[in-house]
Asks: 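Just passing along the structure, written as C-alpha cells.
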Amino acid sequence: MEIIKTLGEFIIDRQAEYPGATGELSALFASIRFASKVVHREINKAGLADITGAAGEENVQGEQQQKLDVYANEKFKTALAARGVVCGLASEEEEDFVRFEEGKNLDGKYVVLIDPLDGSSNIDVNVSVGTIFSIYRRISPVGTPVTEADFLQKGINQIAAGYIIYGSSTMMVYSAGKDVNGFTYDPTLGVFCLSHPNMKFPHNGSMYSINEGNYIHFPDGVKKYIKYCQEEDEATKRPYTSRYIGSLVSDFHRNLIKGGIYLYPTSSRYPSGKLRLLYECNPMAFLAEAAGGRAISGPGQRILEIDPVELHQRTPFFVGSPAMIETIEKFMSEFGEI
Ligand SMILES: O=P(O)(O)OC[C@H]1O[C@](O)(COP(=O)(O)O)[C@@H](O)[C@@H]1O
Ligand SMILES: [Mg+2]
Ligand SMILES: [Mg+2]
C-alpha cells in the first residue's frame with residue numbers, strides 16, 4: 001500500500017534539516033492548518049450558511065468587506081494567537097498590525113502577514129478563492145511588544161510563505177525557501193496529504209492572466225505584450241490562451257502547474273497597482289522564485305527586493321514562468337511600464 005505523507009509529518013521531517021530547530025515554526029504551521037480546515041468547512045457550505053454577501057463594513061483598502069473576509073480573518077487571528085509562537089499579525093483586513101501579548105506570545109519569535117480571503121469577488125459565485133500567508137522572524141527583541149518594523153521587512157527575509165486554495169479540492173502550497181510542495185486536504189481523514197511534491201514553474205507557458213477590461217488604462221508596454229500574446233505564431237505557440245479567474249491564488253496555482261503569467265499592472269483606477277505588497281505579492285513572489293519562476297513590479301525590479309514603507313502599500317505585479325517574465329520585461333523596457 002502506498003504510504004501517504006501528511007503535512008504534519010512532512011514538516012516534522014523537514015524540521016530535522018534545521019539544526020537547533022525548536023519546533024516553534026512547526027507549531028505555527030499547526031495553527032495555519034487548523035484555521036484553514038475551519039475556513040474550508042465554512043466555504044464548502046457557503047450557500048447554506050449565512051456566510052455569503054457583504055459584511056456591511058469597508059476595510060482599510062476601501063473595499064466592501066465580505067462576510068467571509070471577516071470570518072477568515074478572525075479564524076486565522078485566533079488560531080495564530082493560540083500557541084505562543086507568534087507575537088503579532090498584520091492582515092489585509094486590519095487597519096493596523098495586531099500585537100499578541102497574552103500568555104507566552106510576547107516571547108514568540110515570529111510575525112505573520114495574511115490575506116485571509118483572496119478573490120473575495122468570487123465568494124458568492126462559487127469560484128475558487130484562497131488564503132495567503134507570509135512568515136518572518138521578528139527583528140524587535142523577544143519579550144517586548146512587536147513593532148511596525150517587524151512587518152515592514154523585505155520579502156527576501158521571509159522564513160516561509162504559502163497559500164491555501166479552496167477550489168474543487170482544498171490544497172495548501174507552501175515553501176520554506178528551498179522548494180515548493182502541495183498538499184491536498186482529505187476531509188474524510190481531516191488531514192492534508194502530500195500530493196504535489198517539488199512543484200516547479202514550467203520555464204515557458206502559453207497562458208496569460210490579466211483583467212483585460214482595464215486594457216485602455218494599461219501602460220504601453222503591457223498593451224504591446226497583450227497584442228504579442230494574441231498574435232499568430234506557431235513556433236512560439238501563439239496565440240496564447242487567456243485565463244483569468246479573478247482570484248490571484250487560483251490564477252497563480254494554475255500557471256504554476258501548467259506554465260503561464262499573471263499580470264496586474266498599474267491602471268488609472270490603481271495608479272500604483274492593485275495588489276498588496278506585504279499580503280499578496282511578497283508571499284507569491286517567494287513561492288514563485290522557490291519554484292523556479294520570477295516575480296517583478298517592473299523591468300529588473302524584483303518584488304522580494306522592494307523595501308516596504310507602509311503596511312497596505314500596493315505594487316504592480318507580474319509573476320510566472322521565467323521566459324514569459326523576460327518577454328514582458330522587454331516590452332516594458334521598450335514601450336514603457338507606467
Ligand atoms: O477584479 P480585478 O480588478 O481584476 O481584481 C482581481 C484581483 O484582485 C484580488 O481579488 C485581490 O484580492 P482580495 O480579494 O484579497 O482583495 C485578487 O485575488 C485578484 O487577482
Ligand atoms: Mg487578495
Ligand atoms: Mg483578501
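Read the numbers this way: they start at 1 and go in the same order the structure lists the ligands and their atoms.
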Asks: Between F331 and Y225, how do the two ring planes meet: parallel, tilted or perpendicular, split at 30° and 60°?
Replies: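 Because their plane-to-plane angle is over 60°, the rings of F331 and Y225 count as perpendicular.
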
Asks: Could you name all protein N, O or S atoms found under 2.8 Å from the Mg ion (ligand 2)?
Replies: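 Metal shell, protein only: D115 OD2, D118 OD1, E280 OE2.
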
Asks: Measure the acute angle between the ring planes of Y215 and F218, then classify it against the limits of 30° and 60° as parallel, tilted or perpendicular.
Replies: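 Ring orientation, 0 to 90° scale: perpendicular.
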
Asks: Short list, please: which atoms of ligand 1 are under 4.0 Å from a heavy atom of S120?
Replies: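 So the atoms of ligand 1 that pass are 14 (O).
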
Asks: If the threshold is 4.0 Å, N to carboxylate O, is there a salt bridge linking E42 and K45?
Replies: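 Salt bridge: yes.
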
Asks: Determine, for R302 against E289, whether the closest basic-nitrogen to carboxylate-oxygen distance falls under 4.0 angstrom.
Replies: yes

Asks: Which value, rounded to the nearest 0.5 Å, describes the distance between C229 atom SG and E212 atom CD?
Replies: 8.5 Å

Asks: Among all protein heavy atoms, pick out the one at the shortest distance from atom 1 (O) of ligand 1; state its residue, atom name and that distance to 0.1 Å.
Replies: K274 NZ, 3.9 Å

Asks: List ligand 1 atoms under 4.0 Å from N211, heavy atoms only on the residue side.
Replies: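 Here the atoms of ligand 1 in question are 2 (P), 3 (O), 4 (O).
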
Asks: Under 3.5 Å, N or O to N or O, is E92 touching ligand 1 that way?
Replies: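 E92 vs ligand 1: N/O contact under 3.5 Å present.
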
Asks: Does ligand 1 have any atom sitting under 4.0 Å from a heavy atom of Y244?
Replies: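 A heavy atom of Y244 does come that close to ligand 1.
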
Asks: Is any side-chain heavy atom of L311 less than 4.5 Å from a side-chain heavy atom of Y279?
Replies: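 A side-chain contact exists here, since the closest heavy-atom pair is under 4.5 Å.
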
Asks: What protein heavy atom lies closest to atom 19 (C) of ligand 1? Include the residue and the distance to one decimal.
Replies: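 Protein heavy atom with the smallest distance to atom 19 (C) of ligand 1: G246 O, 3.3 Å.
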
Asks: Is there a polar contact, in the sense of an N or O pair closer than 3.5 Å, between Y264 and ligand 1?
Replies: yes

Asks: Considering only heavy atoms of G119, which atoms of ligand 1 have at least one such atom less than 4.0 Å away?
Replies: 10 (O), 12 (O), 13 (P), 14 (O), 15 (O), 18 (O)

Asks: Using the six-membered ring of Y228, assess whether NZ or CZ of R238 lies under 6.0 Å from its centre and within 45 degrees of the ring axis.
Replies: yes

Asks: Take the angle between the ring planes of F29 and Y174 and call it parallel below 30°, perpendicular above 60°, tilted in between.
Replies: tilted

Asks: Heavy-atom contacts with S247 under 4.0 Å: which atoms of ligand 1 show up? List them by number with element.
Replies: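 By the 4.0 Å cutoff, the relevant atoms are 18 (O), 20 (O).
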
Asks: Measuring from non-hydrogen atoms of V249 to any atom of ligand 1, is the shortest distance under 4.0 Å?
Replies: no

Asks: Tell me whether the NZ or CZ atom of K178 lies within the 45° cone about the ring axis of Y18 and under 6.0 Å from its centre.
Replies: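 Verdict for Y18: a cation-pi partner in K178.
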
Asks: So, 4.0 Å and heavy atoms of S121: is ligand 1 close enough to count as a contact?
Replies: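 No heavy atom of S121 comes that close to ligand 1.
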
Asks: Heavy-atom contacts with L248 under 4.0 Å: which atoms of ligand 1 show up? List them by number with element.
Replies: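 Matching atoms, with element in brackets: 17 (C), 18 (O), 19 (C), 20 (O).
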
Asks: Do the charged groups of E94 and K77 touch, with an N to O distance under 4.0 Å?
Replies: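 Here E94 pairs with K77 in a salt bridge, since their nearest N and O are under 4.0 Å apart.
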
Asks: Please determine whether a side-chain nitrogen of the Lys or Arg among E24 and R83 lies less than 4.0 Å from a carboxylate oxygen of the Asp or Glu.
Replies: no

Asks: Any idea which of E93, E212, R276 brings a heavy atom closest to atom 16 (O) of ligand 1?
Replies: R276

Asks: What protein heavy atom lies closest to atom 20 (O) of ligand 1? Include the residue and the distance to one decimal.
Replies: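 Of every protein heavy atom, Y262 OH, 2.8 Å lies nearest to atom 20 (O) of ligand 1.
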
Asks: Could you grab the distance from atom OG of S268 to atom NE2 of H217, nearest 0.5 Å is fine?
Replies: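 S268 atom OG to H217 atom NE2 measures 3.5 Å (nearest 0.5 Å).
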
Asks: With a 4.0 Å cut-off on N to O distance, would you call K5 and D13 a salt bridge?
Replies: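 Salt bridge present between K5 and D13.
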
Asks: Near K237 NZ, under 6.0 Å, is it more than 12 heavy atoms from other residues, nucleotides or ligands?
Replies: no

Asks: When you look for heavy atoms under 4.0 Å from ligand 1, do you find them on the side chain of N214, its backbone, both, or neither?
Replies: neither

Asks: Under 4.0 Å from any heavy atom of D115, which atoms of ligand 1 are there?
Replies: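 Those of ligand 1 that fall under 4.0 Å from D115 are 15 (O).
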
Asks: Is the closest heavy-atom distance from R269 to ligand 1 below 4.0 Å?
Replies: no

Asks: Quick one: does E329's side chain get under 4.5 Å of R294's, heavy atoms only?
Replies: yes

Asks: Could you tell me whether ligand 1 has any atom less than 4.0 Å away from a heavy atom of E63?
Replies: yes

Asks: Looking at E280, which atoms of ligand 1 are within less than 4.0 Å of one of its heavy atoms?
Replies: 11 (C), 12 (O), 13 (P), 15 (O)

